[in-house]
Amino acid sequence: MRAADELPVTEDITRFYRPELARVIAKQRLSEMMVLLRLQLNSAETLDHGPGQFLQISLPGYGEAPISFCSSPTRTESFEICVAAVGNLSQAMHHLRPGDFVGVRGPYGHGFPVNDMRGRDILCIAGGIGLAPLRSLINYVADRRSEFGRMILVYGARKPGERLFKDDLAVWDARDDFETRYTVDEADADWTGRTGVVTIPLRDEVEIDPGRTTAAVVGPPVMYRFVAAELLEKGMVAEDILFSLERRFKCGMGKCGHCQLNDLYVCQDGPVFRYSQLLGRSEAIEVWAPEDERK
Ligand SMILES: Cc1cc2nc3c(=O)[nH]c(=O)nc-3n(C[C@H](O)[C@H](O)[C@H](O)COP(=O)(O)OP(=O)(O)OC[C@H]3O[C@@H](n4cnc5c(N)ncnc54)[C@H](O)[C@@H]3O)c2cc1C
Ligand code: FES
């Protein structure tokens, strides 16, 4: 995984500055708000991304936005993104059909430090659409299973109908070498599983060896401080807790300062940070919420 400014000067950096065309080769609706798009570069090259990295995706007339990879780089001929319909661009992306094209720049940013995570127990904690970037990491671990210790996934969605990647959830749940805890905030008539926020099964049902565990956490900003408190309570240190942060990006590559968090550029230094990097930068996870930026 490399940030744009770490590329060797001899390498072709065109992809980092100029959008390249990628074709939609499959589309699947995951929930009312979310679609999964499988894309392939027009050049048929692979992107060589790391779990936790992102792309800048563009559509002429609609703009450009950062979107995480949700597929693992171990499955290389195409790549997948999962898009929430929240604004102009993402709603337009929901209308894409197989055969249509988007622009892509990247991959950008520092994702999950998979080399440092090798040999360790992996505890993934996903809230809502945070499962999308974590799916890239989870399937990476699944495909290189012998290189990692325990694989634990705690996933919470608001409602059963908002659960993403139901096929993957069933596959992971059925594996003997995966430990899964799924919950929803609000059950419906058909839901027979756990009810309650994600920190409840994390607190009550997950036992870890804190010295050999790395936690990867992606979800709504409000979740982070509660998850951090639980993990510290379990004896983990801030160095071993990884958070993926979301901010408003423009360039996505450390040039415009739009995503700045104190002395950090979230797009380039992150989006995945060790909790130890964020301590003392209080707005990193304690008080920030998307609507705050508009005040
Ligand atoms: C690293 C990273 C990875 C991401 N990965 C994904 C992903 O995998 N899937 C996904 O669906 N999304 C992802 N996002 C979020 C996505 O980039 C945004 O939702 C993007 O703004 C959508 O663009 P849009 O034009 O559709 O919506 P916009 O018009 O940008 O609106 C998006 C939402 O943000 C609000 N908003 C708009 N402008 C502002 C502002 N200035 N300040 C605060 N809020 C504002 C809007 O009200 C709306 O709720 C990611 C973001 C980051 C930073
Ligand atoms: S989005 Fe431009 S510096 Fe991060």
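When reading the values below, keep in mind they use all heavy atoms of this one structure, side chains included, and skip hydrogens, waters and symmetry mates.
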Exercise. What about F54 and F249, are their ring centers closer than 6.0 Å?
Worked result: yes
Below 4.5 Å, heavy atoms only, C-beta onward: do [X] and [Y] meet side chain to side chain?
X	Y	answer
I122	C124	yes
F243	P271	no
L164	M34	yes
M151	I138	yes
F178	D173	no
V217	L231	yes
T214	L123	no
H110	D269	no

For this session: Take I200 and E205, measure what side chain to side chain contact (heavy atoms under 4.5 Å, CB included) needs, and give me the verdict at the end.
Result: CA-CA 8 Å; I200 296 175; E205 298 180 43; over 6 Å; no
Interatomic spacing from [atom1] in [X] to [atom2] in [Y] - rounded to 0.5 Å:
X	Y	atom1	atom2	value
I67	S90	CD1	OG	7.0 Å
L55	E64	CG	CD	10.0 Å
I208	L202	CD1	CG	8.0 Å
L137	L131	CG	CG	11.0 Å
T183	R163	OG1	CZ	9.5 Å
E147	N115	CD	CG	9.0 Å

Minimal non-hydrogen separation, [X] against [Y], with atom names:
X	Y	value
F165	C70	CZ-SG, 4.0 Å
C267	G254	SG-N, 3.1 Å
G196	D185	O-OD1, 3.8 Å
F273	V266	CZ-CA, 3.9 Å
V154	P201	CG1-CG, 4.1 Å
S136	P73	OG-CD, 4.1 Å

For [X] and [Y], indicate whether the former's side chain and the latter's backbone hold a donor-acceptor pair under 3.5 Å.
X	Y	value
R75	S71	no
Y265	C259	no
Q56	K250	yes
Q53	G50	yes
D100	R97	yes
R29	S31	yes

Do other residues, nucleotides or ligands put more than 12 heavy atoms under 6.0 Å from the [atom1] atom of [X]?
X	atom1	result
K234	NZ	yes
Q260	CD	yes
K166	NZ	yes

Problem set entry | Chi angles and distances behind the salt bridge (Lys or Arg N to Asp or Glu O under 4.0 Å) call for D209, R150 | CA-CA 10 Å; D209 177 347; R150 290 169 66 196; over 6 Å; no
Problem set entry | Check against side chain to side chain contact (heavy atoms under 4.5 Å, CB included), Y155 and L169 | CA-CA 9 Å; Y155 171 47; L169 292 172; 3.7 Å; yes
Are [Y] and [X] co-members of a hydrophobic cluster defined by side-chain heavy atoms under 4.5 Å apart?
X	Y	result
Y108	L261	yes
V237	L278	no
F226	V197	no
V206	L232	yes
I129	V184	no

For this session: Start with the C-alpha gap between K159 and D188, add the side-chain angles, then the distance that decides, and say whether salt bridge (Lys or Arg N to Asp or Glu O under 4.0 Å) holds.
Result: CA-CA 8 Å; K159 297 176 183 168; D188 61 18; over 6 Å; no
Exercise. Between M223 and V198, does a side chain to side chain contact (heavy atoms under 4.5 Å, CB included) hold up when you go through it step by step?
Worked result: CA-CA 8 Å; M223 187 181 104; V198 77; 3.9 Å; yes
For this session: Report yes or no: do W172 and N139 form a side-chain donor-acceptor pair below 3.5 Å?
Result: yes
With sequence neighbours left out, write down each residue that passes side-chain hydrogen bond (donor to acceptor under 3.5 Å, both in side chains) with [X], or none if nothing qualifies.
X	result
R23	none
S72	T74
E80	R38, R135

For this session: Might you work through the salt bridge (Lys or Arg N to Asp or Glu O under 4.0 Å) test for R105 and E20, ending with a clear yes or no?
Result: CA-CA 6 Å; R105 291 193 286 130; E20 211 177 319; over 6 Å; no
Any carboxylate oxygen within less than 4.0 angstrom of a Lys/Arg side-chain nitrogen, looking at [X] and [Y]?
X	Y	result
R145	D177	yes
D121	R212	yes
R274	D116	yes

Exercise. Which one of V102, I57, L89 satisfies the side chain to side chain contact (heavy atoms under 4.5 Å, CB included) criterion with Y62?
Worked result: L89
Problem set entry | Partner of L41 under side chain to side chain contact (heavy atoms under 4.5 Å, CB included), chosen from L21, T46, V104 | V104
For this session: Show your working on side chain to side chain contact (heavy atoms under 4.5 Å, CB included) between R120 and F148 and close with a plain yes or no.
Result: CA-CA 6 Å; R120 293 177 62 79; F148 297 89; over 6 Å; no
Exercise. Using the ring of each side chain (for Trp, its six-membered ring), is H49 parallel, tilted or perpendicular to F69, with breaks at 30° and 60°?
Worked result: parallel
